[in-house]
Amino acid sequence: MFLVEGNKIICELFNSNFKIKEIFSTDPQKLDRTDVPITHVSENELKKISFLKNPKDSVALCYLKTEEKFEDQNVQLVLDGIQDPGNLGTIIRLADWFGIEQIICSEDTVDVYNPKVIMSTMGSFTRVNVVYTDLVEYLSETKNVNIGTDMEGENIYTFQKPEKFNLILGNEGNGMRPETEKLLQKSISIPRFGKSQSTESLNVSMAAGIILGQLFRV
């Protein structure tokens with residue numbers, strides 16, 4: 001099982017496929033649910049079970065989703081070794097914003113059920129299917145065009161996106177591993193406009209936002 005914190009995100013669960021076992025709340029009336037067991041707890045008790053320094057109002061204990069077979073979607077994000085929970089959470093939130101319903105992760109990508117990931121998605125994890133698999137095997141067999149980022153890649157502002165594609169984002173420090181890079185069919189880059197040209201790279205979730213904003217332009 002895993003924890004979801006805060007009424008705002010907990011309310012997203014009610015319209016999802018996630019099942020809630022129990023909710024612990026300092027103010028059960030605010031949630032106004034009779035279909036889920038809600039236990040009233042003090043603020044001090046909530047602090048003891050929360051991962052946050054200043055817990056909000058409620059904590060929900062939820063069942064993990066069962067692993068299911070997945071199929072290619074027309075537009076997908078593929079994450080190769082993303083380690084920072086905040087980055088994964090932000091990328092899930094971006095996917096939700098742009099209507100991307102599936103993210104494929106390498107087996108060493110940070111766990112989607114990590115409390116920091118869940119918190120930073122702001123509920124978007126309930127609408128985006130996140131699956132973990134062997135990336136080399138998957139990228140070798142997918143029918144989508146595999147697109148990666150590279151400083152020498154095609155300018156994102158003039159790039160014409162394929163109809164069906166996987167946008168692959170690499171590890172924060174090392175980028176994509178070589179065996180993943182070999183399976184790319186196209187490479188894109190975000191050009192720098194600063195005079196000094198000294199900034200080495202962008203945060204991976206920031207880069208994802210810029211790229212998706214361009215790929216979805218009219």
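Source: prediction; values computed, not measured.
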- Message: To the nearest 0.5 Å, what is the distance between CG on Leu139 and CG on Asp80?
- Response: 8.0 Å
- Around Phe51, counting heavy atoms of other residues, nucleotides and ligands shown, do more than 12 lie under 6.0 Å from its CZ? no
- Query: Is it the case that Lys186 places NZ or CZ above or below the six-membered ring of Phe159, under 6.0 angstrom from the centre and within 45 degrees of the axis?
  - Reply: no
- Message: Main chain of Cys105, side chain of Thr109: is a donor-acceptor contact present, judged purely on distance under 3.5 Å?
- Response: no
- Task: Decide whether Val36 and Val41 are clustered together by the hydrophobic rule: side chain heavy atoms of Ile, Leu, Val, Met, Phe, Trp, Tyr closer than 4.5 Å, transitively.
- Result: no
- Item | Residue pair Met1 / Lys21: nearest heavy atoms and the distance that separates them | SD-CD, 3.5 Å
- Item | Point-to-point distance, once rounded to the nearest 0.5 Å, from NZ of Lys8 to CG of Asp57 | 12.0 Å
- Query: Hey, are the side chains of Thr26 and Phe24 touching, using non-hydrogen atoms and a 4.5 Å cut-off?
  - Reply: no
- Task: Kindly check if the number of other-residue, nucleotide or ligand heavy atoms within 6.0 Å of CD (Glu154) is above 12?
- Result: yes
- Message: Walk me through whether Ser58 and Glu5 qualify under side chain to side chain donor-acceptor pair (under 3.5 Å).
- Response: CA-CA 6 Å; Ser58 306; Glu5 304 203 35; over 6 Å; no
- So, the side chain of Ser25 versus the backbone of His40: is there a donor-acceptor pair under 3.5 Å, distance only? no
- Task: Taking all non-hydrogen atoms of both residues into account, name the closest pair between Ile147 and Leu184 and its distance.
- Result: C-CD2, 3.9 Å
- Query: Under 6.0 Å from the NZ atom of Lys56, do we count more than 12 heavy atoms belonging to anything else shown?
  - Reply: no
- Query: Roughly how far, to the nearest 0.5 Å, is CE of Met122 from CZ of Arg93?
  - Reply: 5.5 Å
- Task: Determine, stepwise, if the pair Ile103 / Ile92 fulfils side chain to side chain contact (heavy atoms under 4.5 Å, CB included).
- Result: CA-CA 8 Å; Ile103 297 177; Ile92 292 170; 3.8 Å; yes
- Task: With side chain to side chain donor-acceptor pair (under 3.5 Å) as the test, would you mind laying out the steps for Asp150 and Ser189 before giving the verdict?
- Result: CA-CA 5 Å; Asp150 188 292; Ser189 67; over 6 Å; no
- Item | Aromatic ring pairing Tyr113/Phe2, orientation class (parallel under 30°, perpendicular over 60°, tilted between) | tilted
- May I ask you to check whether over 12 heavy atoms, not counting those of Asp32, lie within 6.0 Å of atom CG? no
- Query: Just by distance, do the side chain of Asn166 and the backbone of Asn146 share a donor-acceptor pair under 3.5 Å?
  - Reply: no
- Considering all heavy atoms, the nearest Leu88-Ile82 contact: N-CG2, 4.2 Å
- Closest non-hydrogen contact found for Arg217 with Ile156 is NH1-O, 4.0 Å
- Message: Set out, in order, the CA-CA distance, both residues' side-chain angles and the distance that settles side chain to side chain contact (heavy atoms under 4.5 Å, CB included) for Ile118 and Leu3, then state yes or no.
- Response: CA-CA 8 Å; Ile118 295 294; Leu3 292 187; over 6 Å; no
- Item | Side-chain donor/acceptor of Gln214 to backbone N/O of Ile211, under 3.5 Å | no
- Message: Please check this pair: side chain of Asn155 against backbone of Ile190, looking for a donor-acceptor N/O pair closer than 3.5 Å.
- Response: no
- Among Leu94, Ile104, Ile100, find the one that has a side chain to side chain contact (heavy atoms under 4.5 Å, CB included) with Leu77. Ile100
- Task: Check whether any side-chain N or O of Ser120 sits under 3.5 Å from a backbone N or O of Val117 as a donor-acceptor pair, and report yes or no.
- Result: yes
- Query: Should the heavy atoms of other residues, nucleotides or ligands under 6.0 Å from CG of Asn17 be counted, would the total exceed 12?
  - Reply: no
- Side chain Glu141, main chain Tyr138, donor-acceptor under 3.5 Å: no
- Item | Backbone N/O of Gln83 and side chain of Glu172: donor-acceptor pair under 3.5 Å | yes
- Message: Tell me whether Ser187 contacts the main-chain N or O of Thr149 through its side chain, where contact means a donor paired with an acceptor under 3.5 Å.
- Response: no
- Query: Between Leu215 and Val75, is a side chain to side chain contact (heavy atoms under 4.5 Å, CB included) present by the stated rule, with each step listed?
  - Reply: CA-CA 10 Å; Leu215 292 179; Val75 180; over 6 Å; no
- Query: Is there a path from Tyr63 to Ile49 through hydrophobic residues (I, L, V, M, F, W, Y) whose side chains come within less than 4.5 Å of each other?
  - Reply: yes
- Task: Please confirm whether the backbone N or O of Lys47 pairs with a side-chain atom of Ser50, one donor and one acceptor, at under 3.5 Å?
- Result: no
- Item | Gap between atom CD of Glu152 and atom CD1 of Ile188 - 0.5 Å precision | 14.0 Å
- Query: Atom OG1 in Thr180, atom CG in Asn171: separation rounded to 0.5 Å?
  - Reply: 11.0 Å
- Query: With Ser205, which of Asp84, Asn87, Thr90 fulfils side-chain hydrogen bond (donor to acceptor under 3.5 Å, both in side chains)?
  - Reply: Asn87
- Check: Glu22 and Thr39 side chains under 4.5 Å, non-hydrogen atoms: yes
- Find out whether Gln102 and Glu71 are in side-chain contact, i.e. whether some heavy atom of one side chain is under 4.5 Å from a heavy atom of the other. no
- Please answer: with hydrophobic residues joined when any side-chain heavy atoms are less than 4.5 Å apart, are Leu46 and Leu13 in the same cluster? no
- Message: Check this for me: Gln29, atom CD, are more than 12 non-hydrogen atoms of other residues, nucleotides or ligands nearer than 6.0 Å?
- Response: no
- Stepwise side chain to side chain contact (heavy atoms under 4.5 Å, CB included) test for Asn74 and Phe165: CA-CA 6 Å; Asn74 286 352; Phe165 66 90; over 6 Å; no
- Task: Return the minimal non-hydrogen interatomic distance between Leu135 and Val78, and the atom names on each side.
- Result: CD2-CG1, 3.6 Å
- Item | Where Pro85 and Lys116 come nearest, the two heavy atoms and their spacing | CB-CB, 3.6 Å
- Item | Inter-residue atom distance Arg33.CZ - Cys11.SG, 0.5 Å rounding | 7.5 Å
- Message: I'd like to know if Asp72 and Lys164 make a salt bridge, using a cut-off of under 4.0 Å between side-chain N and carboxylate O.
- Response: no
- Do Tyr132 and Val112 touch side chain to side chain, with heavy atoms closer than 4.5 Å? yes
- Carboxylate-amine/guanidinium proximity below 4.0 Å for Asp108 and Arg177: yes
